[in-house]
Amino acid sequence: MDNMKVFTCRDRYDDMATCIYEAWSMALQVGHDHVMLMKEPVEQLDMFADYIHVEPDADKVQKFTRSVKKVSWLVYRNVFNALLSHQEDALDTVYRYLILAFAEGRKVEHMLISPEVMRIMELGRSVSNEAHLFREIARFTAVQGRVYVCHIEPKDDVALLVASHFADRMPSEYWLIVDDGRRYAVVHPVNSDMYVRRLTDQEMETLGSAEYMEDDYTDMWRTFFSAVSVEQRENYRCQRSMFPLWSRKHATEFLG
C-alpha cells in the first residue's frame, strides 16, 4: 500500500493555496483519500507518510483562486476565511470542503448537514468573531503626528479583515496595522489601496517602540477609561468575557 502523501506549508494564504493546488494534482494520480494537508510546523511525524513541503507559486495561487470563485463567491469566502484560522485542521478541512464543492457546485452552499460544510462554517464563524473583536479593541498611536500605528496579536490571521474596516473609515490617513505574532503589517498610504508587507527584525523593533509613545490621545483615552470606571460596579468576570486577557497585550489602557 502506498504511503500517505502529506503536503505541508507555512501558515500564509499564498502558501496554502499553492499547497492545495499541488495536493490536488497528486490526488489525480493516487486519489483524495491518500492525500493530507498540514500547516507547518508539523509537530509529530508519521513514519509511514511521505512529507512534501510546498513553496508559494503566484501562478498557482491565481489558478486556485479563480477556480474556487467559479463555484460561487460564497464558497470562495468560506475558503478564504477558513484559511485564516489558526486551527490545525483548517487547511485539510478546506481541501475536503473543496472536493465536495467542485463535485456539487453551488448546491454545496445548502448542504449544511455535511461534516465538511459544518466544519468550514465553524472555522469561518470563529475567524469572523475574532476579526470583530479586534475591530473593537484596535488602538492606534500617532508617530510624529504623521503615521498611525496599531499593534495586534490575534490567534487567527485577521489583520487584513480588521484593516478593511478601517480603510473605509480612515481613507485619508497613513496607518499601519501590525500583526506582531506573524510579523507583517497591513499598510494604508493616504488615499491609496492598502497592501501587506512582511517585516524585518529591525522594522519590528522600530514599530514596537512606537507602541509606547505618548501623545494627547493616549493620555485622553487613559483618562476617559479611568473616569468612566465605577468602583462599586466593577465586574472583572464580565470584563474578561468581553475583553479577554490574551487580547489586551497591545491595548493602550492596559499598557504600563
Nearest heavy-atom neighbours spanning [X] and [Y]:
X	Y	result
A131	V162	O-CG2, 3.8 Å
S164	M194	OG-CE, 3.4 Å
V71	A101	CG1-O, 4.0 Å
N81	G124	CB-CA, 4.2 Å
N3	A49	CB-CA, 4.2 Å

So do [Y] and [X] actually touch side chain to side chain, heavy atoms under 4.5 Å?
X	Y	value
S114	Y97	no
V54	Y21	no
D11	M16	yes
R119	L123	yes
D50	M4	no
R135	R169	no
S126	D156	yes
V79	R77	no

Flag the pair [X] and [Y] as a salt bridge only when some basic side-chain nitrogen lies within less than 4.0 angstrom of an acidic carboxylate oxygen.
X	Y	answer
R183	D201	yes
K39	E88	no
E153	R182	no
R125	E122	no

Can you tell me if [X] and [Y] form a side-chain donor-acceptor pair at under 3.5 Å?
X	Y	value
Q87	S85	no
E116	T93	no
D57	T18	no
Y95	H32	yes

Subject >> Lys/Arg cation over aromatic Y76: K69, 6.0 Å, 45° cone >> reply: yes
Do [X] and [Y] belong to the same hydrophobic cluster, where Ile, Leu, Val, Met, Phe, Trp and Tyr are linked whenever their side-chain heavy atoms lie under 4.5 Å apart, directly or via other members?
X	Y	result
V35	L28	yes
L161	V94	yes
W73	V127	yes
L98	L100	yes
Y195	L207	yes

Do the side chain of [X] and the main chain of [Y] share a donor and acceptor less than 3.5 angstrom apart?
X	Y	answer
D15	C9	no
H188	L176	no
Y51	D46	yes
E203	T200	yes

If you measure from [atom1] on [X] to [atom2] on [Y], what distance do you get to the nearest 0.5 Å?
X	Y	atom1	atom2	result
E130	I152	CD	CD1	8.5 Å
L112	H110	CG	NE2	8.5 Å
C19	E55	SG	CD	11.0 Å
D14	Q62	CG	CD	9.5 Å
M38	L91	CE	CG	9.5 Å
E22	H53	CD	NE2	11.0 Å

**OP:** Kindly indicate, with the supporting measurements, whether the criterion side chain to side chain contact (heavy atoms under 4.5 Å, CB included) is fulfilled by L37 and I20.
**Re:** CA-CA 8 Å; L37 290 79; I20 294 172; 3.7 Å; yes
Original post:
Would you call the rings of W175 and F166 parallel, tilted or perpendicular, where under 30° means parallel and over 60° means perpendicular?
Top reply: perpendicular
For [X], does the [atom1] atom sit with more than 12 other heavy atoms under 6.0 Å from it, leaving out its own atoms?
X	atom1	result
M121	CE	no
D168	CG	yes
L45	CG	yes
H132	NE2	no

Original post:
Hey, do the aromatic rings of W24 and F7 have their centres closer than 6.0 Å?
Top reply: no
**OP:** List the steps, then state whether side chain to side chain contact (heavy atoms under 4.5 Å, CB included) holds for M26 with H34.
**Re:** CA-CA 9 Å; M26 176 63 73; H34 291 85; over 6 Å; no
Subject >> By ring-ring contact (aromatic ring centres under 6.0 Å, His included) - contacts of Y174 (at least two apart) >> reply: none
Original post:
Given the rule in the side chain to side chain contact (heavy atoms under 4.5 Å, CB included) test, do H86 and D157 qualify, once you have shown the distances and angles that lead to the verdict?
Top reply: CA-CA 7 Å; H86 74 285; D157 190 2; over 6 Å; no
**OP:** Show your working on side chain to side chain contact (heavy atoms under 4.5 Å, CB included) between Q29 and K5 and close with a plain yes or no.
**Re:** CA-CA 11 Å; Q29 303 173 36; K5 308 298 182 184; over 6 Å; no
